Amino acid sequence: MTYEEAKKKLEKYGQEHVLKYYEELNAGEQAELLKQVEETDMDVLSLCTSQDRLEKKGVITPLAAMELPEIEEKKEHYYQIGCQAIKEGKVGAVLLAGGMGTRLGSDDPKGMYNIGLTKDVFIFERLICNLMDVVNATGSYIPLYIMTSDKNHEKTVAFFEEKKYFGYDKSFVIFFQQEMAPAADYDGKIYMESKYKMSTSPNGNGGWFASMARCGVLDKVHEQGVEWLNVFAVDNVLQRIADPVFLGAVMEKQCVVGSKVVRKAAPDEKVGVMCLEDGKPSIVEYYELTEEMMNAKDDKGDPAYNFGVILNYLFQVEALEAIMKKHMPLHIVEKKIPYMDEQCNLVKPEKPNGYKFETLVLDMIHLMDSCLPFEVIREKEFAPIKNKTGVDSVETARELLKENGVEL
Ligand code: UTP
C-alpha cells in the first residue's frame, strides 16, 4: 500500500492521526506502518459509536445436558469409542493461548505463569501433564495445535523449547498465530503504540479455525487424518483434554459439537449457559438470563438453564469447514490499552481506556446443527486462572489442584 492509499483509507475512517509522525520515520518503519494500515480491518471501529449494530439474541429455550448418572452408566462404552478414535489418529487438540491475560497482569504469556509453591509448576506444564494422561492410557500422541498471537508468539515457542515441551513429543506440536484487531478509544480513534505502530490486540478466540486454515495448519490436520478437534482454554489447569469418555459420548450421539459443562453453583453465577436459540444450540451469557429463565425448571424439577460452559469443546472438522465462511458476531470489549501519549511516552493505563474487538468461540456453537452439553464435576475439571487473587484466581486454582492430589 502506498502512502497515498493509506491516507485515503484512514480518511475514510477518520483515522488520519495514524500517519502523524510518518515524515520522521525511517524507510523500514514507514513500510511497517503502511503494511499495518493495509492489513487492519477498520470497519469494526464504527461499533464504538453505534453499538446497536451488535447482534440481538433469538428465542431462547432449554437444551438438556448429558448428566453425570447417564455418563457413569455408559462410561466404559464411551471410553472405548473415544480411545479407538485417538488410536486411529482422528483426534487433535487446540490450545487457545493467544489471549493477553490482562487480568492476571503478567507480561509473559499466561501459560508461562508459575503456580508452584515448593517447586516450579507452570500453567502450560499442567496442561501437558493432563494431555499426557490420555497419551499414556492410549499409547498414542495427540496432535496439539497451539494458537498464539503477535503479542506472545516468540515467548511461547521459546518457552516450550526451553522446557523441552514438558516431555511431549515435539513432532506432534504445531504453533500458529491468530490475527490482530485495532484497539481504539471510546470515540473509535485507534490508539498508537509507537510512532509507527497502531495499538492492536488479538481478535478474540473465535477466529481459531479460520486462522488455522490461513496458516496452512488445516492442511496438516487433513494430512494427519484428524477428524475431531478438542478446543480448550489456556487457563483451566484441571481440565481433561481429549477425554475419551467425552469424545465417545459426542460421537455416539452423532453430534457435530460437544461442550463440557458444569452444574451452576448459583442461579446467577457468571457463566455462559448452554441453551437453544431459535432451535439451534447456543450459549446465553449470564447477563442475558432473564429472571424468568433463571427460575425456569425442567421436567425433573431442576433449573432448566443449569449448565455453564468451561471453554472446552469438541468440534467435528467437517462441520467446522462447512461454517467457515459464515459471519460471526463481533463483540466489543472494554480494556486497558497501552498507548503513546502526546509527548510520545508509552502509557500503561490503570483503568480501561477503550475498546477492543473480538469474535468468540462460543458463537461458533450457534452455527452448528447439534451440540451435546456433557456434564463434568466442577471440583475435578474446572480450575480457571483469570485473576491473581479472589474468584477464579491463582489462589483458588491452587486449592483445587491440591484437592486433586497435584503437588505444588
Ligand atoms: P479470556 O477471555 O479469559 O481472555 O480468554 P484472556 O486474554 O486470556 O484474559 P484477559 O481477559 O485479558 O484477562 C479465554 C481463552 O481464550 C484465549 C485465551 O488465551 C484463553 O485461553 N484467547 C482469548 C485467545 O486465544 N485469543 C484471544 O484473542 C482471546
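It should be emphasised that the depicted structure is a prediction, and the values quoted were computed from it without experimental measurement. All ligand and atom numbering here is 1-based and tracks the order in the structure.
Using a 4.0 Å cut-off between charged side-chain N and carboxylate O, E381 and K260 make a salt bridge. Using a cut-off of 4.0 Å between Lys/Arg side-chain N and Asp/Glu carboxylate O, K7 and E16 are scored as not salt-bridged. One finds no salt bridge joining D392 and K270 here, because no Lys/Arg side-chain nitrogen approaches an Asp/Glu carboxylate oxygen to under 4.0 Å. A salt bridge links E193 to K151: at least one charged side-chain nitrogen sits closer than 4.0 Å to a carboxylate oxygen.
For ligand 1, the protein residues within 4.0 angstrom (heavy atoms only) are L96, A97, G98, G99, M100, G101, T102, R103, K110, M147, Q178, P202, N203, G204, N205, A233, V234, D235, L311, K335, K386.
Other residues, nucleotides and ligands contribute at most 12 non-hydrogen atoms within 6.0 Å of the CD atom of E350.
Taking 4.5 Å as the limit, every side-chain heavy atom of E358 sits out of range of all side-chain heavy atoms of L330.
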